[in-house]
Amino acid sequence: MRKDARVTNSTILDELLWRELIAQSTDLGALQAAADAGPMTLYCGFDPTAPSLHLGNLAQILTVRRFQQAGHRPLALVGGATGLIGDPKMTGERQLNPREIVEDWVRRIRGQLESFYDFSGTHAAVMVNNYDWTEGVSVLEFLRDIGKHFSVNRMLDREAVAARLAKEGISYTEFSYQLLQSFDYLQLFRQFGCTLQTGGSDQWGNITAGVDLIRRVESASVHALTTPLLTKSDGTKFGKTESGTIWLDPGLTSPYAFFQFWLNADDSDVPTLLRTFSFSARPRIEELFSATVERPHERAAQRALAQELTALVHGEAEQRAAESAGFALFGQGDLAALSADALTAALLEAPNGVVDPGEIVDGVLPAVEDLLVRCGLASSRGQARRTVSEGGASLNNERVPNEGHSPMVGDLLHGEWLVLRRGKRTVGGIRVEK
RNA sequence: GGCAGGUUGCCCGAGCGGCCAAUGGGAGCGGGCUGUAAACCCGUCGGUGAAAGCCUCCGAAGGUUCGAAUCCUUCACCUGCCA
């Protein structure tokens with residue numbers, strides 16, 4: 001066994017093991033042997049169920065990326081076909097999305113995937129879309145060649161399916177999902193020699209169904225590997241905050257908000273987050289573990305995560321902008337000391353709104369409640385009023401004393417900005433258009 | 001197919017003719033402590049409004065009544081028991 005992780009194939013499994021990224025797998029020994037034998041081709045698919053990928057998907061992407069860095073070849077699969085059908089979920093039948101929408105989402109997700117894998121070099125990634133090999137298959141062909149190998153009895157065992165049967169039922173469409181995903185694995189095995197599929201542990205049933213299909217049809221033994229479902233230490237779902245899902249699309253979750261998400265991670269989640277998302281070497285990660293235990297207030301691990309992942313997802317420049325914005329807005333108070341450029345850059349990262357000069361009467365701007373709503377810090381005037389009356393609103397780092405308070409022109413920083421804050425860590429900007 | 005019960009605010013769940021925008025818990029939000037954490041304590045929690053008030057709301061549509069989340073009818077869905 002060679003020592004260099006970049007070159008040695010088998011160390012990838014050791015790496016995943018210490019990172020606790022293996023929830024389930026087919027015979028690990030066999031997988032290890034396959035990885036040792038040379039570059040493997042693996043895939044992990046992403047269905048277009050939203051306009052963007054999110055942090056949960058990122059965990060999967062990064063696992064595949066680790067394989068690529070270890071010298072294996074990833075296939076980046078976008079589920080243009082499976083996205084039209086929908087994987088059964090516990091809670092109920094999905095609503096089918098219009099084809100044009102799915103096509104749009106496929107484009108967006110494909111674009112996102114492109115930035116995480118290396119599409120050049122000796123083990124270049126390949127982008128594939130299962131729509132390409134599914135659209136032309138006839139129903140009869142599919143039922144005879146693929147469907148015949150599936151036992152409904154076994155399909156019924158699947159957790160989501162069983163839950164649905166016990167409740168409101170499941171359409172034939174969704175029930176068929178597993179066949180499509182299995183068909184994908186078979187296709188990729190035939191076309192690219194793909195012998196490993198990874199995914200979240202909720203995908204175990206779908207993945208092994210593909211493994212079985214390949215065994216029956218091709219008499220070949222291929223592998224499956226799943227990663228643990230990411231949960232926070234308090235058991236709640238990971239990757240969601242008060243404000244919702246953390247998306248990779250900067251239009252849906254700004255780089256600033258993305259950075260803040262990591263910076264605000266619970267201490268108790270730090271080990272899992274570092275193991276799952278960071279590409280730092282083990283000694284560095286362990287150093288951050290102990291830093292969190294010994295000097296938690298410094299939040300070195302949270303900052304390291306924020307820096308590394310914001311840079312990875314949004315690029316170095318955006319990462320620096322997001323971090324500087326945080327420093328500016330959460331710094332030691334004196335906002336007036338910030339340069340106009342720094343302030344503008346910071347506030348453009350945060351949620352912000354606009355006041356038209358025509359709204360300023362005798363040097364008085366609209367009331368703080370209006371401004372809170374306008375920059376998105378409050379969802380209604382009622383909520384804004386509540387925030388102010390609870391003492392949770394501040395203007396240029398000064399607590400807003402009472403309801404109905406209106407800023408004056410003299411309060412404008414550099415003649416154009418107001419910094420609004422709701423609670424301790426939600427900051428927004430108001431800009432007076434010139 | 002027959003009989004019985006259910007459908008309440010983001011979720012769970014009380015209410016069973018007026019005092020109900022609707023008890024309670026959870027989530028969320030704010031304050032305090034702290035580290036732009038967690039836990040904990042306190043407050044808050046439909047919209048609008050400074051307030052009084054007004055508007056919307058208790059599966060859907062009708063009806064009874066001065067007045068309905070609460071009673072009646074029909075419809076939809078869910079749950080038990082019997083076939």
Side-chain angles (χ1 to χ4, degrees), chain A residues 90-93 163-171 231-246 254-274 288-307 310 322-333 335 346-347 349-351 364 366-370 372-395 397-406 419-429:
Chain A
M90 309 282 274
T91 43
E93 187 80 12
R164 290 282 296 279
L165 285 172
K167 294 170 73 182
E168 80 277 30
I170 181 170
S171 68
T231 53
K232 301 214 300 176
S233 54
D234 60 9
T236 58
K237 200 162 181 185
F238 172 82
K240 309 259 179 179
T241 63
E242 315 73 64
S243 39
T245 306
I246 304 294
S254 72
Y256 167 78
F258 188 85
F259 190 94
Q260 289 291 319
F261 170 82
W262 296 101
L263 195 59
N264 283 312
D266 293 3
D267 293 354
S268 52
D269 291 327
V270 157
T272 305
L273 294 179
L274 281 171
L288 289 168
F289 286 173
S290 48
T292 297
V293 173
E294 289 156 23
R295 302 177 301 282
H297 57 280
E298 289 179 3
R299 288 180 296 160
Q302 282 93 332
R303 188 163 292 278
L305 276 165
Q307 290 169 336
T310 309
E323 184 165 18
S324 315
F327 277 132
L329 300 174
F330 289 102
Q332 301 305 328
L335 289 166
L347 289 175
E349 290 286 321
V364 179
V368 167
E369 288 84 346
D370 276 322
L372 283 170
V373 173
R374 200 172 300 196
C375 68
L377 253 44
S379 57
S380 68
R381 282 187 53 79
Q383 192 195 26
R385 246 182 289 114
R386 213 174 295 134
T387 298
V388 173
S389 67
E390 289 171 333
S394 70
L395 175 67
N397 281 354
E398 299 279 340
R399 183 166 293 193
V400 177
N402 55 281
E403 294 179 43
H405 178 79
S406 290
V419 177
L420 287 168
R421 185 189 308 257
R422 196 199 69 210
K424 270 183 291 197
R425 44 184 162 157
T426 314
V427 180

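These numbers come from a predicted model, not from an experiment. Within every chain, numbering begins at 1; the chains are lettered A, B, ... in the order of the sequence lines, protein sequences first and strands thereafter.
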Write down the protein N/O and nucleotide N/O pairs, taken from nucleotides 23-26 of chain B, whose separation is under 3.5 Å; answer none if there are no such pairs.
none

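- Across all their heavy atoms, A/Y256 and A/A325 have their closest contact at CD1-CB, 3.9 Å.
- Among the atoms of the strands shown, none is found under 4.0 Å from any heavy atom of A/A393.
- Atom pair A/N402:CG and B/A51:P shows a separation of 13 Å (rounding to whole Å applied).
- With sequence neighbours excluded, the residues satisfying side chain to side chain contact (heavy atoms under 4.5 Å, CB included) with A/S394 are A/R421.
- Residue-level contact check: A/Q260 touches the bases, meaning some heavy atom is under 4.0 Å from a base atom.
- Considering all non-hydrogen atoms of both residues, A/P351 and A/C375 come closest at CB-O, 3.3 Å.
- One C1' atom belongs to B/A76, the other to B/G24, and the distance between them is 30 Å to the nearest Å.
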Show the atom names and distances, to 0.1 Å, of all donor-acceptor pairs under 3.5 Å that link a side chain in residues 295-302 of chain A to residues at least two apart or in another chain.
{"residue": "A/R295", "atom": "NE", "partner": "A/E298", "partner atom": "OE1", "Å": "3.2"}
{"residue": "A/Q302", "atom": "NE2", "partner": "A/A265", "partner atom": "O", "Å": "2.9"}
{"residue": "A/Q302", "atom": "NE2", "partner": "A/D267", "partner atom": "OD1", "Å": "3.0"}

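- When the P atom is compared between B/C71 and B/G6, the two are found 9 Å apart, to the nearest whole Å.
- Remark: P of B/U36 and CD of A/Q302 are 12 Å apart, rounded to the nearest angstrom.
- Residue A/K424 places at least one side-chain N or O closer than 4.0 Å to OP1 or OP2 of B/A37.
- When all heavy atoms are compared, the tightest approach of A/K424 to A/F330 is O-CE2, 3.3 Å.
- For the pair A/F259 and A/G392, both in contact range of RNA chain B, the more 5′-proximal nearest nucleotide belongs to A/G392.
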Please, what dot-bracket string fits RNA chain B when only Watson-Crick and G-U pairs with both distances under 3.5 Å count, crossing ones use [ ] and pairs to another strand use |?
-> ((((((((.[[[..)..(.....]]].(((((.......))))).(((....)))...[[[[[..)....]]]]]))))))).

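- Going from the C1' atom of B/G67 to that of B/G32 covers 46 Å, rounded to whole Å.
- The interatomic distance linking A/D267 (CG) with B/G35 (P) rounds to 12 Å, in whole Å.
- B/C78 and B/G30 have their P atoms separated by 40 Å, given to the nearest Å.
- The side chain to side chain contact (heavy atoms under 4.5 Å, CB included) test applied to A/A393 returns A/L372, A/T387, A/V388, A/V400, not counting sequence neighbours.
- Of the C1' atoms belonging to B/A39 and B/U56, the separation is 39 Å, rounded to the nearest Å.
- Closest approach of A/F289 and A/V270 over heavy atoms only: CE2-O, 4.4 Å.
- B/A14 and B/U23 have their C1' atoms separated by 6 Å, given to the nearest Å.
- One finds the CG atom of A/N264 at 12.0 Å from the CG atom of A/D269 (value rounded to the nearest 0.5 Å).
- In this entry the distance linking CG of A/L305 with P of B/G35 reads 21 Å, nearest Å.
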Carefully, step by step, assess A/L420 and A/V427 under the rule side-chain contact (heavy atoms from CB on, under 4.5 Å).
-> CA-CA 6 Å; A/L420 287 168; A/V427 180; over 6 Å; no

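- Rounded to an integer number of Å, the gap from A/R303 CZ to B/G35 C1' is 11 Å.
- Whole-Å rounding puts the A/E403 CD to B/A51 C1' distance at 11 Å.
- Distances shown here put a side-chain N or O of A/R425 below 4.0 Å from the OP1 or OP2 atom of B/A37.
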Between N or O atoms, less than 3.5 Å apart, protein on one side and nucleotides 47-49 of chain B on the other: list the pairs.
{"residue": "B/G47", "atom": "OP1", "partner": "A/S380", "partner atom": "OG", "Å": "3.1"}
{"residue": "B/G47", "atom": "OP2", "partner": "A/R386", "partner atom": "NH2", "Å": "3.3"}
{"residue": "B/U48", "atom": "OP1", "partner": "A/R381", "partner atom": "N", "Å": "2.8"}
{"residue": "B/U48", "atom": "OP2", "partner": "A/G382", "partner atom": "N", "Å": "2.7"}
{"residue": "B/G49", "atom": "OP1", "partner": "A/R381", "partner atom": "NE", "Å": "2.6"}
{"residue": "B/G49", "atom": "OP2", "partner": "A/R381", "partner atom": "NE", "Å": "2.6"}
{"residue": "B/G49", "atom": "OP2", "partner": "A/R385", "partner atom": "NH2", "Å": "3.2"}
{"residue": "B/G49", "atom": "N7", "partner": "A/R385", "partner atom": "NH1", "Å": "3.3"}
{"residue": "B/G49", "atom": "N7", "partner": "A/R385", "partner atom": "NH2", "Å": "3.0"}

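- Nucleotides B/G18 and B/G63 are separated by 22 Å at their P atoms, to the nearest Å.
- For the atom pair OG (A/S254) and CD (A/Q260), the distance works out to 9.0 Å, reported to the nearest 0.5 Å.
- What you find for A/S406 and A/P366 is that their closest heavy atoms are OG-C, 3.9 Å.
- Under 3.5 Å, the side chain of A/E390 and the base of B/G31 form no donor-acceptor pair of N or O atoms.
- Between the CZ atom of A/F289 and the P atom of B/A37 there is a distance of 22 Å, given to the nearest Å.
- The interatomic distance linking A/N264 (CG) with B/G35 (C1') rounds to 10 Å, in whole Å.
- Spacing between B/G59 and B/A69 at atom P, rounded to whole Å, works out to 10 Å.
- Using a 4.0 Å heavy-atom cutoff across all strands shown, A/R399 reaches sugar-phosphate atoms only and no base atom.
- A donor-acceptor contact shorter than 3.5 Å is absent between the side chain of A/T310 and the backbone of A/Q307.
- Here the closest non-hydrogen pair linking A/E369 and A/A384 is O-CB, 3.6 Å.
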